[in-house]
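Values below: all heavy atoms of this structure, side chains included; hydrogens, waters and symmetry mates excluded. All of these numbers come straight from a predicted model, not from anything done at the bench. The chains referred to below are lettered A, B, ... by the order of the sequence lines, with proteins before strands, and numbering in each begins at 1.
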Amino acid sequence: MATETKQEYNITIGLEVHAQLKTKSKLFCSCSTEFGKEPNANTCPVCMGYPGVLPVLNKQAVAYAITAGLALGCKIDLNSRFDRKQYFYPDLPKGYQISQFDNPICNHGKLSIGNKEVRILRIHMEEDAGKLVHAGAERLHGSDHSLVDLNRASTPLIEIVSEPDINSAEEAVTYVKELRKVLLYTEVCDGNMQEGSLRCDVNISLNKTGQPLGTRAEIKNVNSFRSISRAIEYEYKRQSQILDEGGKIVQETRLFEEGTGKTHSMRSKEEAHDYRYFPEPDLLPVTIEQKQVDDARQGLPELPQQKKTRYIEEFQVNEDTATTITDDLETAHFFEKVLSKGAKANKAANWIIGPIAAYLNENKKSLNETKLSAELLAEMLVLIEKGTISDNIAKNDIINELLENGSPVAKLIEDKGLAQITDTGAIEAIVQEVIDTNPKQVEQFKSGNDKIKGFFVGQVMKKTQGKAPPSLVNQLLGKLLK
Amino acid sequence: MNGSRSADLINSLAYDKIISMSELTNKTALQLNSIFLNKEASAQQITEAFLQRIEQYDKTINAFISVNGELALKRAQELDQKLAAGESLGKLAGVPIGIKDLINLEGSETTAGSRMLNGYTSSFNATITQKVIDAGAIPLGKLNLDEFAMGSSNETSAYGNCKNPWDPNKVPGGSSGGSAAAIAAKMVPLAFGTDTGGSIRQPAAYCGITGLKPTYGRVSRYGIVAFASSLDQAGPMTQDVESNALLLEAMSGHDAKDSTSLENPVPNYLAAIEQGFKKTQSLKGLKIGIAQDFFVPELNSEVKAAVENAITKYKELGAEIIDISLNKIKYGLPTYYIIAPSEASSNLSRYDGVRYGLRDMDATSLSDLYPNSRANFGTEVKKRIMLGVYALSSGYYDAYYKKAQQARALIAEDFNIAFQQCDLILSPTAPATAFEIGSKTDDPLEMYLEDIMTVTVNLAGLPGISINCGYDSNNMPIGMQLIAPALEEARIYNAAYAFQSTTDFNKSPDMKSSKAIGV
């Protein structure tokens, strides 16, 4: 395809995000939802679909779905219902998935992504399937047999379906990031994409301005931020090329392959399953008291965007800093605790997104995997503020000790003699000594070379191991060099 | 146990403490419980008596798919030890029970009458199984049924046709045919049946016993292989009404494992009989509704006559007979044959050969594994799966399943209105008496007509009983049905007891007669 014929298309994206709810037990039985157990350890007759078993709804899952719905501005339906979605696959023990079809628990929400608001069509509850482990190969192709692991079968999910309000890969990633934040803030999902706690299907279509929306393709198996972006970029190329050449997009389900970054067709519209939904007769309709919804609304925590706004207004930190800190709830909690122990907001913020973040990045750790407590950091920041230690000393000699060993700050300063010298007489003597031992440089200074002053500061700092307050040194040099 | 009854029993047995095995198998469940508690026979002796009778007759009747004598005797011995130790024992202590092979009994096979589940061993007890074991009942084995309870004659069982003890050339009815035949042949004094469209009541009628389908939700469905979830209900099958009441009480109650089970407290049904007809000897004040809608053209004249006689008898007992209309029940069969297969098609999806049950070991791909394994379903089951899949398919759902649900609501409303005028509704249980084995297998529509009197009761979720009310010219039993408003099983039992205790229609077949079993 010649690049000059390439045309520009609008891209329209809708996302279906599956989030695993953080319940201790599965959606319809009391099996544990713990990740990483040996295959089929977390199973029982109910989630294995043995003859005669019945589902019993996990009330905590309903409570989490309500919380998620409220946090995303949804209307909660006090009378929703479960349905059976029927298809055959070895990881689906009953031959149907219990899901919510035409009567989901949450409807009509929204999520702001920067300057834009993405409408949320619905949120429904459903059970997860198990997984297949293909033996003898990385994937199904080439393996000689497959094993079924039902640990994940029947773990509770919510599926959050957006309206097609997203228009770029970047927006899609932002949307999922913002959504993940809300789920983490409300503590309904652990947001762990590696473990599959958050998974994504992407619906994409292209059209030209002024024309109706194009035919969409649904891309499955898009399970990281990077994959979302790559899958969308690939689809844009694939669809635009077809359209450029005068072809038609077929409505189909496509699978994203992380290895190649490509999508390939799974099934066409004609091959689409007829899921034969019908109301699940083994469960009663899900009826919720208005009071439960009101209580859940009362109990909602401060949400990411509210927190960010508050940081900017209350603490006068800049927007980027506020965004970085509120991106991660643990960091935000840490920040607020540091402030509550007497540290100044801007200082604390700069330390957290500066040296501490650098350390965490370098060591691939999260804050709670270090020994640094909010109390320790606050104590250090207060000592800097008071002039007991310098910023440089804190950066070079203290912060890593705190992160790695959680050493008491005061003792560390004392043991290593890190406190700044506050005795003006002692510093004056050192300054005088430096002047006396460097007559050549004094000559240069006196002949108008102001820059040489830095040399004297450096010498003083060297002699005091950096513990002389720089402002005092400058002041004394000014006086004694005259 | 009730003092006076125990006293009666002791009086009747006082002159001869040694009870023969055949005497034991002639006793009702209620009597056996007393015999055991009064130490006139041990649980082991009682169990052995029934096991021996099974040994003697079941080769011909084929009521059992599996018998677990060893397990039963072990349980019996435990009960004997408990009794000797003076421990408190449940209301069914020492009484053997047969379990329809659709209901899980831990450590035993559950076949559901299907090849699909051949060799499948239950790893847990159904709630009702656990409840009766806790009440001291002794499970003897698993009873024959139509495959996955789909049938009205037991002919769809993959384990051979169960035969009617009144005439082994005839069907015992279905799907709980094994349960009804085992009771009638006195191979077991208590049995579990399940009823989705008449599967307890119709075989009860064909075998001349007492079978009750409880209110939907009265009895837990947990551990019972699902046929049609919104219609299925397990219930007691016994020879007499009192034993039936005893078993229902033991089976009933809310179960946290079944969201559709009801939380209403379980009445003492026997006490209702004691306080009711036993005390007053009259049914004065009881209004029994008769709907001509049940007296369909297909109704056999001998059955009609027997039911009419029963109506007369009820008048004599003091009941008031009222004409009612149930004109929506004509939609019962089509409604049922949409809803039941729809739910069944979904419930039977789990039999895919992946985790348990029969699997095509030669299949080399997933797309072969499913059809090849599921080819092991019988014809009737396949037919109903196809019906259900069709009715639920995109584009047909509204015309079939949704419409059927609307019709179902109308039928339930019809009963509601009727019960504003009467306390019970009386009807035949089935259009005719038991038919010859093989005589209807070629005509599915005629077979489905078997359910015409009973399906509406399931669709409305109501309780219904079948008790015997006469015999036809071939000496085959004739059943009648009593239907009550939801949760009024006690009312049914009282009226059924009144009839049973004042008539001579609750007989057992003479198993040694020329017509019956050649032993």
Side-chain angles (χ1 to χ4, degrees), chain A residues 28-30 40 43-59 82-98 101-102 130 132 134 140 143-150 153 269 272-287, chain B residues 102-104 110-112 114 116-117 120 122-124 126-127 148 220-226 228-232 255-261 339 342-343 345-357 366-367 369-371 374 388-397 401-402 405:
Chain A
F28 299 118
C29 64
S30 55
N40 298 308
T43 56
C44 73
V46 176
C47 57
M48 302 259 273
Y50 277 23
V53 298
L54 297 171
V56 175
L57 180 60
N58 183 333
K59 292 202 172 94
F82 279 98
D83 301 275
R84 291 186 184 176
K85 178 181 182 178
Q86 311 193 65
Y87 63 95
F88 286 105
Y89 206 63
D91 66 6
L92 189 69
K94 298 186 292 292
Y96 55 83
Q97 177 195 28
I98 304 177
F101 179 50
D102 51 9
L132 295 189
H134 303 298
L140 183 58
S143 73
D144 58 356
H145 66 283
S146 302
L147 300 164
V148 183
D149 178 5
L150 296 177
K269 190 186 178 189
H273 293 299
D274 179 356
Y275 291 120
R276 305 192 312 279
Y277 283 101
F278 78 106
E280 166 57 278
D282 287 334
L283 290 168
L284 301 175
V286 185
T287 53
Chain B
L102 197 67
I103 301 168
N104 280 287
T110 298
T111 67
S114 178
M116 270 315 279
L117 282 175
Y120 172 78
S122 301
S123 60
F124 64 98
T127 297
F148 284 103
S220 166
R221 292 185 293 117
Y222 185 80
I224 303 172
V225 173
S229 309
S230 74
L231 299 163
D232 293 345
D255 179 9
K257 291 176 182 165
D258 176 0
S259 312
T260 64
S261 73
I339 292 173
S342 293
E343 294 181 7
S345 70
S346 175
N347 285 329
L348 268 57
S349 293
R350 68 189 59 196
Y351 309 108
D352 57 6
V354 173
R355 295 167 314 288
Y356 51 77
L366 198 57
S367 50
L369 178 74
Y370 287 131
R374 287 169 65 81
V389 166
Y390 184 82
L392 290 177
S393 292
S394 164
Y396 297 96
Y397 180 88
Y401 190 80
K402 204 171 164 192
Q405 289 293 14

Expected output: side-chain D232(B) to main-chain A226(B) donor-acceptor under 3.5 Å: no

D274(A) side chain vs S394(B) backbone, donor-acceptor pair below 3.5 Å: yes

Pick from S393(B), S230(B), G395(B) with the largest number of heavy-atom pairs that fall under 4.5 Å of chain A: S393(B)

Any residue meeting ring pair (Phe, Tyr, Trp, His ring centres under 6.0 Å) with Y401(B), in chain and number order, not counting sequence neighbours: F278(A), Y397(B)

Among the listed options T110(B), I103(B), L348(B), N347(B), the residue most often paired with chain A at heavy-atom distances under 4.5 Å: N347(B)

Residue part contacting chain A, namely of Y222(B), when any heavy atom lies under 4.5 Å: both

Region of Y275(A) in contact with chain B, defined by heavy-atom distances below 4.5 Å: neither

Side chain proximity check, P281(A) to R84(A), heavy atoms < 4.5 angstrom: yes

Contact leader toward chain B among P55(A), G95(A), G49(A), P279(A), where contacts are heavy-atom pairs under 4.5 Å: G49(A)

Mutual orientation of the aromatic rings belonging to Y356(B) and Y50(A) [parallel < 30°, tilted 30-60°, perpendicular > 60°]: perpendicular

R350(B) side chain near V225(B) side chain, heavy-atom distance below 4.5 Å: no

Contacting moiety of P45(A), where chain B heavy atoms sit under 4.5 Å: side chain

Residue A256(B) versus chain A: region with a heavy atom under 4.5 Å: backbone

Segment of L366(B) engaging chain A (4.5 angstrom heavy-atom cut-off): side chain

Aromatic ring pairing F82(A)/F28(A), orientation class (parallel under 30°, perpendicular over 60°, tilted between): perpendicular

Check: S349(B) side chain, S345(B) main-chain N or O, donor-acceptor pair, under 3.5 Å: yes

Chain A contact via Y120(B) - which portion, at a heavy-atom distance below 4.5 Å: side chain

Under 4.5 Å from a heavy atom of chain A, the part of L102(B) involved: neither

Partner chain A: residue of D352(B), L117(B), D258(B) with the largest heavy-atom pair count (under 4.5 Å): D258(B)

Most chain B-contacting option - heavy-atom pairs closer than 4.5 Å, from P93(A), G52(A), P90(A): G52(A)

